[in-house]
Amino acid sequence: MTRVRHEGPVIVGAGLAGLSAALEAAQAGARVLVLTPEPLLSGCSSAWAQGGMAAALTAVDSAELHARDTEAAGAGLVDPGAAQALTEAGRETVEWLAALGAPFDRYGDGSFVVSLEAAHSVARVARVGGDGAGRAILSAVVAAVRAEARIEVWEDARLKGLMQDETGRVVGAVAARGERLVEVTASAVVLATGGAGGLFAATTTPAVLKGEGMALAARAGAEILDPEFVQFHPTAIDVGLDPAPLATEALRGEGARLIDGAGAFLLGEEADADLKPRDVVARAVHAARTAGRGAFLDARTAVGEGFPHEFPAVFAACMRAGLDPRVSPIPVMAACHYHMGGVAADADGRTTVPGLYAVGECAATGVHGANRLASNSLLEAAAFGGRAGR
Ligand code: SIN
């Protein structure tokens with residue numbers, strides 16, 4: 001066992017939440033150590049996000065309206081104060097990321113292009129390159145982290161334990177670096193370890209994410225909130241892969257429709273029927289498949305020839321599987337996509353254990369309730385991750 005004394009916080013995880021915390025803590029003068037088991041940009045869900053970042057960015061929108069939609073989607077279990085704190089941070093968070101170099105899609109006048117996604121009452125999802133938001137945003141943040149002398153990143157360190165003093169305060173972390181165990185003492189430990197999709201039969205997240213951060217927090221005595229609240233995405237592409245590639249909800253925002261094998265609409269004929277909250281749509285997809293009717297996303301008319309440049313990631317995933325979404329409906333299934341439950345934390349990441357913070361998907365801050373509103377997670381990761389860092 002090697003022992004390292006680190007004068008500052010240790011952040012475990014290098015998705016958008018962890019790296020936003022790292023940047024803001026460094027900005028506030030701290031020396032930061034980030035532990036991650038894989039090279040930056042891999043092994044985290046943020047880099048796979050397609051839709052983008054929800055934020056009130058247009059004249060017809062407001063933080064209040066965004067908070068109301070967040071609460072309605074969350075099935076009565078959203079903490080209104082947390083939702084308001086999140087949505088009020090929308091514009092400044094998008095602008096902070098844009099200033100770091102995130103190349104959000106813009107109109108000629110410089111305003112942000114926004115997409116419509118399910119259960120949003122207006123279009124408010126800031127996107128990048130159509131469906132490439134997660135990777136592009138995280139790449140900008142990674143570049144800023146690499147340029148920050150006060151941040152050190154170990155890209156081969158897997159969390160194995162949390163160290164506590166005699167009062168229960170978390171005072172460091174134990175990590176495996178190859179065969180070697182390293183004990184790192186720290187002023188605080190910030191968990192940013194992501195979700196638990198790897199525990200499920202099919203997931204849209206990296207399969208390596210199995211909820212270990214949450215488990216270690218529980219062992220340290222932290223309150224775990226709503227661990228059963230798992231979100232299933234209705235349009236994981238069913239081409240026999242696990243993790244399953246995603247067909248972003250923005251496709252339905254553009255008018256793509258969910259149909260069964262006989263061509264009947266799964267959720268009804270109304271134009272916005274497929275934009276109901278994600279849990280409702282996921283159940284309809286699952287029911288159709290279980291009944292043997294099959295479930296397909298038909299984007300032939302709504303997107304058609306525009307597919308390669310409007311949704312390049314989805315198009316590439318389909319073509320790799322031998323399926324041309326310009327001419328064929330895409331077979332879809334519900335797959336584990338996001339964990340709303342996790343380590344109970346406030347908007348600054350504070351958990352019930354002194355010295356231990358949690359941000360991003362491993363945290364349960366009350367903003368998502370029982371059903372996360374689409375594209376609120378990247379916003380939460382950057383906004384609340386940054387708050388924890390500060
Ligand atoms: C999607 O693009 O459909 C996913 C967005 C999200 O999960 O927030």
Side-chain angles (χ1 to χ4, degrees), residues 15-17 44-55 66 69-70 73-74 83 86-87 90 93-94 104-105 113-120 123-138 194-197 200 202-206 209 229-237 243-256 258 274-282 285 297 299 302-303 310-318 325 330 332-340 360-361 367-383:
L16 186 59
C44 66
S45 303
S46 310
W48 292 16
Q50 291 181 354
M53 183 169 288
H66 184 184
D69 289 347
T70 299
L86 179 74
T87 59
T93 303
V94 171
F104 288 102
D105 293 351
V113 176
V114 285
S115 306
L116 181 64
E117 290 186 6
H120 288 274
R124 67 160 67 91
V125 179
R127 46 184 245 195
V128 185
D131 59 6
R135 193 164 191 86
I137 292 170
L138 194 62
F200 290 79
T203 180
T204 62
T205 72
L209 300 175
F229 286 177
V230 175
Q231 181 169 75
F232 291 81
H233 198 292
T235 57
I237 304 175
L246 188 69
T248 175
E249 216 157 67
L251 285 159
R252 276 174 281 135
E254 289 296 311
L258 282 163
D274 295 351
L275 290 171
K276 294 196 170 81
R278 193 171 278 177
D279 57 330
V280 176
V281 182
V285 165
L297 184 66
V303 184
E310 285 172 33
F311 295 95
V314 180
F315 183 70
C318 289
I330 305 166
V332 292
M333 63 180 173
C336 177
H337 185 61
Y338 191 84
H339 194 196
M340 279 81 63
E361 192 173 347
V367 292
H368 305 307
N371 181 53
R372 178 180 59 89
L373 184 66
S375 293
N376 266 357
S377 44
L378 286 187
L379 175 59
E380 187 198 10

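Quantities reported herein were computed from a predicted structural model and do not represent experimental measurements. Counting starts at 1 for both ligands and their atoms, following the listed order.
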Enumerated ligand 1 atoms positioned under 4.0 Å from heavy atoms of [X]:
X      : answer
His233 : 1 (C), 3 (O), 4 (C)
Gly51  : 2 (O)
Glu249 : 1 (C), 2 (O), 3 (O)
Ser375 : 5 (C), 6 (C), 8 (O)

- Task: Answer yes or no: is there a side-chain heavy-atom contact under 4.5 Å between Asp131 and Pro312?
- Result: yes

- Scan Glu117, Gln50, Arg124, His120 and name whichever one has a side-chain hydrogen bond (donor to acceptor under 3.5 Å, both in side chains) with Ser375. Glu117

- Is there a heavy atom of Ala374 sitting under 4.0 angstrom from any atom of ligand 1? yes

- Could you give me the CA-CA distance, side-chain angles and deciding distance for Asn371 and Gln231, then say whether side-chain hydrogen bond (donor to acceptor under 3.5 Å, both in side chains) is met? CA-CA 6 Å; Asn371 181 53; Gln231 181 169 75; 2.9 Å; yes

Looking at [atom], what's its closest protein heavy atom, distance included?
atom                   : value
atom 4 (C) of ligand 1 : Arg278 NH2, 3.5 Å
atom 7 (O) of ligand 1 : His337 NE2, 2.6 Å
atom 2 (O) of ligand 1 : Thr248 OG1, 2.6 Å

- Less than 3.5 Å between some nitrogen or oxygen of Ala247 and one of ligand 1, yes or no? no

- Message: Please report whether ligand 1 has a polar contact with Gln231, defined as an N or O pair separated by less than 3.5 Å (distance criterion only).
- Response: no

Atom of [X], atom of [Y] and distance for their closest heavy-atom approach:
X      : Y      : result
Thr248 : Val314 : N-CG2, 4.0 Å
Ala317 : Pro245 : CB-CB, 3.7 Å
Ala244 : Ile237 : CB-O, 3.8 Å

- Working for ring pair (Phe, Tyr, Trp, His ring centres under 6.0 Å), residues Tyr338 and His368: CA-CA 10 Å; Tyr338 191 84; His368 305 307; 5.3 Å; yes

